[in-house]
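No experiment lies behind these values; they were computed from the predicted model shown. Whatever order the structure lists them in is the order used to number ligands and atoms, beginning at 1. Numbers here are sequence positions counted from 1.
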Amino acid sequence: MELKITCIPGDGIGPEIVREAKKVLDKVAQLYGHEIKYKDILMGGASIDVHGVPLTEEAVADAKAADAVLMGSIGGDTTTSPWYQLPPNLRPEAGLLSIRKALNLFANLRPAVLYEELADACPLKAEISAKGFDMLIMRELTGGLYFGERKTVEENGIRKAIDTLTYDENEIRRIAIKGFDIARKRRKKVTSVDKANVLDSSRLWRAVVEEVAKDYPDVALEHMLVDNCAMQLVKDPAQFDVILTENMFGDILSDEASMVTGSIGMLSSASLNDTKFGLYEPSHGSAPDIAGKDIANPIATILSAAMMLRYSFDLDKEADAVEAAVKEVLREGYRTSDIMSEGCEEVSCSKMGDLLVERLHK
Ligand code: IPM
Ligand code: MG
């Protein structure tokens with residue numbers, strides 16, 4: 001089949017990791033007889049440097065014209081990069097928020113898996129990590145605090161900042177449905193995370209999630225307060241299957257969950273709308289400190305490309321093959337520096353890409 005993929009190499013390590021993901025996708029195409037048409041667009045700092053804005057309308061149009069978007073990472077060092085001298089709506093992150101909104105990518109899937117081969121990297125006590133874990137955070141991505149009205153004012157000489165957290169029931173319902181649908185394909189458990197003991201938006205969240213749950217009698221639902229969830233993630237991560245939560249809680253909890261795996265360089269993500277279209281990106285950031293050194297871990301981006309094959313193109317066998325290649329390379333003891341451990345062989349970003357291409361079989 002023909003796969004139209006728009007790529008956003010972005011900033012920092014973004015271009016290096018996207019390059020490796022393309023190598024792997026090209027090998028998939030060659031093995032399975034597909035044709036990939038790539039188009040690169042600028043976003044984040046890379047776009048600011050050329051166009052003065054983090055995302056142009058043309059770039060959005062190019063993204064919309066594709067079947068799926070593969071992204072590296074955007075942003076720079078917030079203390080030293082000139083991008084952060086710009087007004088907030090012109091900084092790199094604004095580009096990412098805008099493209100999510102423009103493409104209506106309301107569902108953000110962030111798996112956090114403890115790889116058997118990397119169990120040593122898990123920072124938790126051995127008796128906890130021994131149980132392993134495999135959870136998926138379903139984060140609402142286009143509503144809530146990150147998209148509400150905000151302003152900074154001065155009243156009687158006192159500076160005051162206001163951010164608004166709004167959700168309507170439709171926004172909650174559609175993400176809840178995505179959460180239950182995916183739970184059905186996994187271990188059939190949804191933990192809905194909120195702060196219903198304080199926030200109205202959370203009380204509505206809980207009520208709507210309860211309504212949606214009625215259509216999924218085969219899926220177990222539990223509610224958990226976000227502060228407790230933060231604690232449970234380090235105490236007993238194995239209890240979680242699908243964590244369903246709003247934008248900001250999902251932002252924070254997904255970073256925590258990825259750290260608990262000990263290998264954030266391994267974690268992929270997908271941002272989906274109501275069609276097969278999606279934007280796929282690693283869960284990690286742009287790591288400007290190691291950019292251009294060919295030492296970044298490309299695996300999260302490569303696994304994001306596998307998610308793309310699975311969710312946007314229904315190419316499950318191809319996605320399985322990519323995931324199997326990752327497992328094989330890890331089993332053979334190859335590691336990038338972020339996941340290096342004793343007795344393993346340290347390889348560069350590009351070498352990791354080459355190894356994965358070699359290990360990819362039909
Ligand atoms: C993420 C990032 C973004 C977010 C930032 C860069 C706006 O932290 O994808 O988790 O908060 O959504
Ligand atoms: Mg984040």
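E246 and Y146 form no side-chain donor-acceptor contact under 3.5 Å, judged by distance and modelled atom types alone. Judged purely by distance below 3.5 Å, without hydrogens or angles, the side chains of D181 and Y216 pair a donor atom with an acceptor atom. A donor and an acceptor atom, one from each side chain of D67 and S312, are nowhere located under 3.5 Å apart.
The ligand atoms of ligand 1 that sit less than 4.0 angstrom from a heavy atom of Y146 are 11 (O).
Between the S263 side chain and the G265 main chain, no donor and acceptor come within less than 3.5 Å of each other. Remark: side-chain polar atoms of K276 are not paired, donor with acceptor, to backbone N or O of F313 under 3.5 angstrom. Looking only at distances, a side-chain donor or acceptor of R91 sits under 3.5 Å from a matching main-chain atom of L86. A donor-acceptor distance shorter than 3.5 angstrom exists from the side chain of N273 to the backbone of L103, with no hydrogens or angles considered.
Within a 6.0 Å sphere centred on CD of E57, heavy atoms belonging to other residues, nucleotides or ligands number 12 at most.
Close N/O approach between E281 and ligand 1 is not found [any backbone or side-chain N/O within under 3.5 Å]. The shortest N or O to N or O distance between E93 and ligand 1 is not below 3.5 Å.
Shown are the protein N/O/S atoms under 2.8 Å from the Mg ion (ligand 2), given by residue and atom: D251 OD1.
If you check which protein heavy atom lies closest to atom 11 (O) of ligand 1, you get D251 OD2, 3.0 Å.
With R91, R110, M248, H284 as candidates, the residue nearest to atom 1 (C) of ligand 1 on a non-hydrogen basis is R110.
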